[in-house]
Amino acid sequence: MLLAAATAALMINLFTGAPLLALWVGSRVQTTTTLSMLGLVTVLAVLIVIVAILVVLLVWVESAYKAATGEPQTRRRAPWMRSLRDESEEAYRGRTPLTGFEKVLVAVVLLGVAAFETWFFLFAGSPFGPAP
């Protein structure tokens, strides 16, 4: 449960906490009310660093999850680095279902999308003002 909670917290902060913190740091660097290159570069740099840290922590939590559940720790290979000739029907049928870690990631993303759509369609209002 702790690993699932850590995964959820890291994923939520990946979408909300990191951008908000980067914007806050950029606002502290900004000296004028108009956008400056210093503020923009600061926001981008802080965002890159925070996201990189959160991704490393997510990889660490996934490794801890695999160690706790006894799953084999295999080397990752990006899908676009594999040859399509390696995909046989036996390999496709032999794929494993999602792990608990992956299920938490999917659930957090789906909840985030649902929350955004709810806000956008029900609470955001029209950008054009009231209908005539």
Side-chain angles (χ1 to χ4, degrees):
M1 290 303 290
L2 288 175
L3 291 173
T7 302
L10 288 170
M11 281 298 293
I12 290 169
N13 279 312
L14 190 65
F15 295 125
T16 58
L20 288 175
L21 181 61
L23 286 173
W24 180 78
V25 171
S27 73
R28 295 293 162 210
V29 172
Q30 187 78 21
T31 57
T32 63
T33 58
T34 59
L35 182 64
S36 70
M37 284 304 288
L38 177 63
L40 184 64
V41 169
T42 302
V43 168
L44 289 175
V46 170
L47 186 60
I48 289 169
V49 169
I50 293 171
V51 166
I53 291 169
L54 289 174
V55 167
V56 168
L57 288 173
L58 274 169
V59 169
W60 182 80
V61 168
E62 182 187 20
S63 175
Y65 175 82
K66 285 184 176 185
T69 58
E71 288 184 37
Q73 303 244 359
T74 58
R75 187 163 187 233
R76 290 179 181 256
R77 186 167 188 169
W80 57 86
M81 298 295 288
R82 285 191 319 230
S83 170
L84 289 177
R85 290 180 286 169
D86 293 341
E87 289 289 322
S88 64
E89 193 168 324
E90 295 85 26
Y92 182 75
R93 270 192 257 119
R95 291 188 180 163
T96 58
L98 293 177
T99 64
F101 176 80
E102 294 166 336
K103 288 178 183 176
V104 171
L105 291 179
V106 170
V108 168
V109 169
L110 291 176
L111 286 173
V113 169
F116 171 75
E117 287 179 354
T118 302
W119 168 80
F120 184 79
F121 290 115
L122 299 178
F123 302 111
S126 174
F128 304 114

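Numbers here are sequence positions counted from 1.
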Minimum-distance pair of heavy atoms, taken over all atoms of Val51 and Ala18: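 Heavy-atom minimum between the residues: CG2-CB, 4.2 Å.
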Where Thr16 and Pro19 come nearest, the two heavy atoms and their spacing: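 What the structure gives for the nearest pair is O-CD, 3.4 Å.
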Quick check: is [Y] connected to [X] through a chain of hydrophobic side chains (ILVMFWY, heavy atoms under 4.5 Å apart)?
X: Trp24; Y: Leu40; value: no
X: Val29; Y: Leu21; value: no
X: Met11; Y: Leu111; value: no
X: Val41; Y: Val25; value: no

Over 12 non-hydrogen atoms of neighbours within 6.0 angstrom of CG in Leu2: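 Incorrect, the count does not exceed 12.
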Could you work out, with side chain to side chain contact (heavy atoms under 4.5 Å, CB included) as the rule, every residue matching [X], not counting sequence neighbours?
X: Ser36; value: Gln30, Leu38
X: Thr69; value: Tyr65, Glu71
X: Ala22; value: Val43, Val46, Leu47
X: Val104; value: Ala4, Thr7, Ala8, Val108

Distance (rounded to the nearest 0.5 Å) between Ile48 CD1 and Leu44 CG: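 Ile48 atom CD1 to Leu44 atom CG measures 6.0 Å (nearest 0.5 Å).
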Straight-line distance of Ile50 CD1 to Asn13 CG, nearest 0.5 Å: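 That separation rounds to 9.5 Å.
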Other ILVMFWY residues reachable from Phe116 by side-chain steps of under 4.5 Å: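 When side chains under 4.5 Å apart are linked, the cluster holding Phe116 also contains Trp119, Phe120, Phe121, Leu122, Phe123.
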Hydrophobic cluster partners of Leu20 (side-chain heavy atoms under 4.5 Å):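 Via sub-4.5 Å side-chain contacts, Leu20 links to none.
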Side-chain donor-acceptor pairs of residues 54-61 under 3.5 Å, sequence neighbours excluded:
none

Exam field: side chain Glu102 to backbone Thr99, donor-acceptor pair closer than 3.5 Å: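 Side chain of Glu102 to backbone of Thr99, a donor-acceptor pair under 3.5 Å: yes, one is there.
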